[in-house]
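See structure below.
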Amino acid sequence: MINVCGIVGCILKEEDDVAPILFDCISKLEYRGYDSLGLATFSEDKIHIKKDKGKIIEVDKSLDLTDMPGSFGIAHVRWATHGDPSKLNAHPHVDEENRVAVVHNGIIENYNALRRKLMDKGHEFVSDTDKEV
Ligand code: GLU
């Protein structure tokens, strides 16, 4: 096991649901090691997110990960570096207006300085991760 998180992005040409493909792709990344996971899809002008800590099969049992609308999306398997493995800290993260969803691999070294700067400007954070910044 190498403990490196994984990212998937997919845009379908047809108006078909992308969630089963994202699910299949993150399942293929399981060997890399992870502690939490999440999917984001987009349809009807809205971002849909399903995420939690745990193994893909367990999270799928409780959230039904392949049942999400939209023909494009992103997915992530996380290996936590900043913030515990949890539903709140799992990627994707969204902005305060729910208009942008982001997944990220690695570490944002200056996230604390950036976070403080953004909080001074009135931004609020819901997770403990470096990546939400
Ligand atoms: N540093 C990020 C976090 O802790 C990303 C970790 C990763 O690469 O999975 O959420």
Side-chain angles (χ1 to χ4, degrees):
M1 179 130 4
I2 51 177
N3 299 336
V4 181
C5 53
I7 286 177
V8 179
C10 183
I11 302 172
L12 297 180
K13 284 184 184 169
E14 315 290 327
E15 279 300 312
D16 210 353
D17 287 344
V18 74
I21 294 168
L22 295 173
F23 179 84
D24 187 45
C25 290
I26 56 169
S27 299
K28 289 191 168 93
L29 293 172
E30 270 203 298
Y31 74 95
R32 295 161 66 92
Y34 65 102
D35 50 47
S36 47
L37 60 116
L39 279 66
T41 60
F42 187 85
S43 91
E44 292 175 12
D45 213 24
K46 190 168 177 275
I47 294 173
H48 305 267
I49 303 242
K50 289 190 179 180
K51 62 182 190 175
D52 211 342
K53 69 175 178 183
K55 292 292 163 202
I56 293 172
I57 192 160
E58 296 160 359
V59 176
D60 183 44
K61 252 186 216 159
S62 61
L63 298 181
D64 198 0
L65 295 170
T66 55
D67 184 23
M68 297 174 71
S71 59
F72 62 96
I74 53 178
H76 187 257
V77 283
R78 174 178 187 236
W79 188 259
T81 63
H82 295 66
D84 292 339
S86 69
K87 188 181 182 81
L88 268 187
N89 289 336
H91 305 202
H93 289 278
V94 291
D95 70 307
E96 291 139 324
E97 292 167 8
N98 206 40
R99 294 184 55 82
V100 179
V102 183
V103 295
H104 161 252
N105 281 4
I107 292 171
I108 298 170
E109 301 284 354
N110 62 341
Y111 87 100
N112 250 328
L114 293 171
R115 190 179 172 111
R116 278 195 299 272
K117 212 170 172 176
L118 290 165
M119 285 174 87
D120 286 347
K121 289 185 177 177
H123 291 282
E124 289 174 12
F125 293 89
V126 296
S127 79
D128 303 316
T129 66
D130 51 339
K131 116 103 241 300
E132 191 184 358
V133 162

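We count ligands from 1, going down the list as the structure has it; atoms in each ligand are counted the same way. Given the structure is predicted, the values throughout are model-derived calculations rather than measurements. All residue numbers in this chain count up from 1 along the given sequence.
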Polar contact flag for [X] and ligand 1 (N/O pairs, less than 3.5 Å):
X	result
Trp79	yes
Asn89	no
Asn105	no
Lys131	no

Is Lys131 reaching over with its side chain to a backbone N or O of Ile108, donor-acceptor style, under 3.5 angstrom? no

Counting distance only, does the side-chain N/O of Glu132 pair as donor-acceptor with the main-chain N or O of Val126 below 3.5 Å?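 Checked: pair present.
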
Please determine which of Leu37, Ile26, Asn105 meets the side-chain contact (heavy atoms from CB on, under 4.5 Å) test together with His76. Asn105

Any atoms of ligand 1 less than 4.0 Å from a non-hydrogen atom of Arg78? List them with their elements. 3 (C), 4 (O), 9 (O), 10 (O)

Counting each atom of ligand 1 from 1 as listed, which ones have a heavy atom of His104 under 4.0 Å away? 5 (C)

Does the distance from a Lys or Arg side-chain N to an Asp or Glu carboxylate O, for Asp24 and Lys28, drop under 4.0 Å?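 Between Lys28 and Asp24 there is a salt bridge, with a charged N closer than 4.0 Å to a carboxylate O.
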
What protein heavy atom sits nearest atom 2 (C) of ligand 1, and how far off is it?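 Going atom by atom, the protein heavy atom closest to atom 2 (C) of ligand 1 ends up being Asp130 OD1, 3.1 Å.
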
the protein heavy atom lying closest to atom 8 (O) of ligand 1 turns out to be Cys5 SG, 2.5 Å

With a 4.0 Å cut-off on heavy atoms, is Gly106 touching ligand 1? yes

Quick one: do His91 and Ile7 satisfy side-chain contact (heavy atoms from CB on, under 4.5 Å)? Show the steps, please. CA-CA 10 Å; His91 305 202; Ile7 286 177; over 6 Å; no

Give the contacting part of Thr129 toward ligand 1: side chain, backbone, both or neither, where contact means a heavy-atom distance below 4.0 Å. side chain

Does the side chain of Trp79 reach to within under 4.5 Å of the side chain of Asp35, using non-hydrogen atoms?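 The answer is yes; the side chains approach within 4.5 Å.
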
For residues 55-70, which side-chain donor-acceptor pairs fall under 3.5 Å, sequence neighbours excluded?
unit_1	atom_1	unit_2	atom_2	d
Glu58	OE1	Lys55	N	3.1
Asp60	OD1	Leu65	N	2.8
Ser62	OG	Val59	O	3.2

